[in-house]
Visitor: 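First the structure, which I've put down as structure tokens, then a few questions once you've had a look.
Hydrogens, waters and symmetry mates play no part in the numbers below; they use all other heavy atoms, side chains included.
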Amino acid sequence: RFYDTKKFYVFFEKVVSEKIRKTQLEMMSNSVNYKEIFKKRIAEAMYKVEDMTIIAGAEKCIKDEREASDKAKTTVENDNYVKSKQSIDFKAGVTLDKDSLVTFFKLPTQNKIKIEKVLLTESLLQEIIRMSMLEVGDSKVSEFWEKGTDNVKKFWGKDIVTTIKNEIVPDNVMYGFAPGQLYGWLFILRDHTTYMEVDRDIWTLDSDALIAHAVGNTKGVYKATFQI
């Protein structure tokens, strides 16, 4: 059997880091290993760009779907939330609890897809501690209070991915992603490569990479926003 599906273009882009310049005198007369420090700084910046690229793609899918839902007048609003098929905005007073999680995890069932990975900040994950033993069980509540949420890798069968980069993922937002093959890919044609040039007494370090975020299924990402 052969499966014939729609094809789409994948556009790669070149990501270029800042240029860091130091005089040779500074580099040689200080015990600090500037080269390693700058390489690490550049690498962190490049990884941040990759993260921003993924979130930008997800946000585009969410925004387009909400606009289409508003236009078709299929957006649902009640006392607790405003929701479409792929996004839900909880109103003030609704916290990250059992009821809100169930409501969020049910969104993809309308598109015959399930959420496999959940992305949120460390700060938002701490809200799980507020759940009572009636919601998640006495042993689980005890575990949260004894060990914290650092070791929470799975919750309700979902893979939990946390970040401290709240400038990319806000502390009141949770993303849900379908399995990779049902959503998209991050292609790295060439990972970040650091270059160093020496022009007389000036050292210059920078880096570039070739990446692409390809979304094959716009219904593979979901978003919950809390008012906290």
Visitor: Are Leu205 and Val16 connected, step by step, through hydrophobic side chains (Ile, Leu, Val, Met, Phe, Trp, Tyr) whose heavy atoms are closer than 4.5 Å?
Guide: no
Visitor: Whether the side chain of Asn172 engages the backbone of Gln227 through a donor-acceptor N/O pair (distance < 3.5 Å, no angle test) should be reported.
Guide: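 Side chain of Asn172 to backbone of Gln227, a donor-acceptor pair under 3.5 Å: no, none is there.
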Visitor: With side chains defined as the heavy atoms from C-beta onward, is the minimum distance between Met174 and Leu96 less than 4.5 Å?
Guide: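 A side-chain contact exists here, since the closest heavy-atom pair is under 4.5 Å.
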Visitor: Hey, does Glu65 have a side-chain heavy atom less than 4.5 Å from the side chain of Ser84?
Guide: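 A side-chain contact under 4.5 Å exists here.
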Visitor: Could you give the distance from OG (Ser207) to CD1 (Ile20), rounded to the nearest 0.5 Å?
Guide: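 These two atoms lie 10.0 Å from each other.
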Visitor: Please report the interatomic distance NZ(Lys63) to NZ(Lys223), rounded to the nearest 0.5 Å.
Guide: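 It comes to 11.0 Å.
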Visitor: Enumerate donor-acceptor pairs with a distance under 3.5 Å from any side-chain N or O in residues 107-114 to protein atoms, sequence neighbours excluded.
Guide:
unit_1, atom_1, unit_2, atom_2, d
Thr109, OG1, Lys106, O, 2.5
Gln110, NE2, Leu107, O, 3.3
Asn111, ND2, Tyr222, OH, 2.9

Visitor: Quick one: list whatever passes side-chain contact (heavy atoms from CB on, under 4.5 Å) with Val49, sequence neighbours left out.
Guide: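 Expected list: Val15, Thr53.
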Visitor: May I ask you to test the Lys83-Asp89 pair for a side-chain heavy-atom distance under 4.5 Å?
Guide: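 In short, these two side chains do not touch, never coming nearer than 4.5 Å.
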Visitor: I'd like to check the side-chain hydrogen bond (donor to acceptor under 3.5 Å, both in side chains) partners of Glu44; sequence neighbours left out, ordered by chain and number.
Guide: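 Counting only residues at least two positions away or on another chain, Glu44 forms no side-chain hydrogen bond (donor to acceptor under 3.5 Å, both in side chains).
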Visitor: For a quick test of reading the model, state the closest non-hydrogen atom pair linking Phe104 to Gly176 and the distance between them.
Guide: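 Looks like CZ-N, 3.7 Å.
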Visitor: Is there a donor-acceptor pair closer than 3.5 Å between any side-chain N or O of Glu197 and the backbone N or O of Ile202?
Guide: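 It does not hold such a pair.
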Visitor: Residues in side-chain contact (heavy atoms from CB on, under 4.5 Å) with Asp199, at least two apart?
Guide: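 Testing Asp199 for side-chain contact (heavy atoms from CB on, under 4.5 Å), a comparison that skips the adjacent residues, returns none.
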Visitor: Which residues, ordered by chain and number, are linked to Tyr47 in its hydrophobic cluster, where ILVMFWY side chains connect at heavy-atom gaps below 4.5 Å, directly or through other members?
Guide: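 Listed partners: none, Tyr47 stands alone.
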Visitor: Can you sort out the partners of Asp79 under side-chain contact (heavy atoms from CB on, under 4.5 Å), two or more places apart, ordered by chain and number?
Guide: none
Visitor: Measure the shortest side-chain to side-chain distance between Lys91 and Asn80 over non-hydrogen atoms and say whether it is less than 4.5 angstrom.
Guide: no
Visitor: In this structure, would Trp185 and Leu182 fall into the same cluster of hydrophobic residues linked by side-chain contacts under 4.5 Å?
Guide: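 Shared cluster, no.
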Visitor: Return the set of residues passing ring-ring contact (aromatic ring centres under 6.0 Å, His included) with Phe226 (not counting sequence neighbours), or none when no residue passes.
Guide: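 Scan of Phe226 (ring-ring contact (aromatic ring centres under 6.0 Å, His included), adjacent residues dropped) gives Phe90.
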Visitor: Assess whether a salt bridge exists between Glu167 and Lys48, defined as any Lys/Arg side-chain N lying under 4.0 Å from an Asp/Glu carboxylate O.
Guide: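 Counted as a salt bridge, because a side-chain N and a carboxylate O are separated by less than 4.0 Å.
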Visitor: Verify side chain to side chain contact (heavy atoms under 4.5 Å, CB included) between Thr204 and Met196, making sure each step is shown before the conclusion.
Guide: CA-CA 6 Å; Thr204 303; Met196 185 177 68; over 6 Å; no
Visitor: Please confirm whether Lys158 makes a cation-pi placement over Phe105, using NZ or CZ under 6.0 Å from the six-membered ring centre and within 45° of the ring normal.
Guide: yes
Visitor: Against Thr121, only a single residue in Asp171, Thr163, Thr162 fulfils side chain to side chain donor-acceptor pair (under 3.5 Å); can you say which?
Guide: Asp171
Visitor: Do Tyr81 and Thr103 have side-chain heavy atoms sitting under 4.5 Å apart?
Guide: yes
Visitor: Could you note down all residue pairs passing side chain to side chain donor-acceptor pair (under 3.5 Å) where residues 15-25 supplies at least one of them, sequence neighbours left out?
Guide: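 Applying side chain to side chain donor-acceptor pair (under 3.5 Å) to every pair that reaches into residues 15-25, excluding sequence neighbours, yields Glu18-Arg41, Lys19-Asp206, Lys22-Glu26, Thr23-Glu26.
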Visitor: Are Val198 and Leu25 in one and the same hydrophobic cluster, where Ile, Leu, Val, Met, Phe, Trp and Tyr link if side-chain heavy atoms are under 4.5 Å apart?
Guide: no
Visitor: Can you check side chain to side chain contact (heavy atoms under 4.5 Å, CB included) on Phe187 and Ile211, steps first, answer last?
Guide: CA-CA 6 Å; Phe187 293 109; Ile211 65 173; over 6 Å; no
Visitor: With sequence neighbours left out, what residues match Phe38 under ring-ring contact (aromatic ring centres under 6.0 Å, His included)?
Guide: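 Phe38: ring-ring contact (aromatic ring centres under 6.0 Å, His included) contacts with Tyr34.
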Visitor: For Asp208, is there an ion pair with Arg190 - N to carboxylate O distance below 4.0 angstrom?
Guide: yes
Visitor: Do Tyr195 and Ile188 sit in one hydrophobic cluster, given that two such residues count as connected whenever their side-chain heavy atoms are within less than 4.5 Å of each other, even indirectly?
Guide: no
Visitor: Check side-chain contact (heavy atoms from CB on, under 4.5 Å) between Glu116 and all other residues, then give those that pass, not counting sequence neighbours.
Guide: Asp159, Pro179
Visitor: Is Val82 close to Ile88 at the side-chain level, that is, under 4.5 Å between some pair of heavy atoms?
Guide: no
Visitor: Hydrophobic clustering (ILVMFWY, side-chain heavy atoms < 4.5 Å, transitive) - are Ile54 and Ile164 grouped together?
Guide: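 As far as the 4.5 Å side-chain criterion goes, Ile54 and Ile164 are not connected within one cluster.
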Visitor: Which residues, ordered by chain and number, are linked to Val161 in its hydrophobic cluster, where ILVMFWY side chains connect at heavy-atom gaps below 4.5 Å, directly or through other members?
Guide: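 Under the 4.5 Å side-chain rule, Val161 groups with Met52, Ile55, Ile62, Leu119, Ile168, Val169, Val173, Tyr175, Phe177, Tyr183, Val215, Val221.
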Visitor: In the hydrophobic cluster built from side-chain contacts under 4.5 Å, what are the other members alongside Tyr9?
Guide: Phe11
Visitor: Set out, in order, the CA-CA distance, both residues' side-chain angles and the distance that settles side chain to side chain contact (heavy atoms under 4.5 Å, CB included) for Arg66 and Thr75, then state yes or no.
Guide: CA-CA 8 Å; Arg66 174 57 72 89; Thr75 302; 4.2 Å; yes
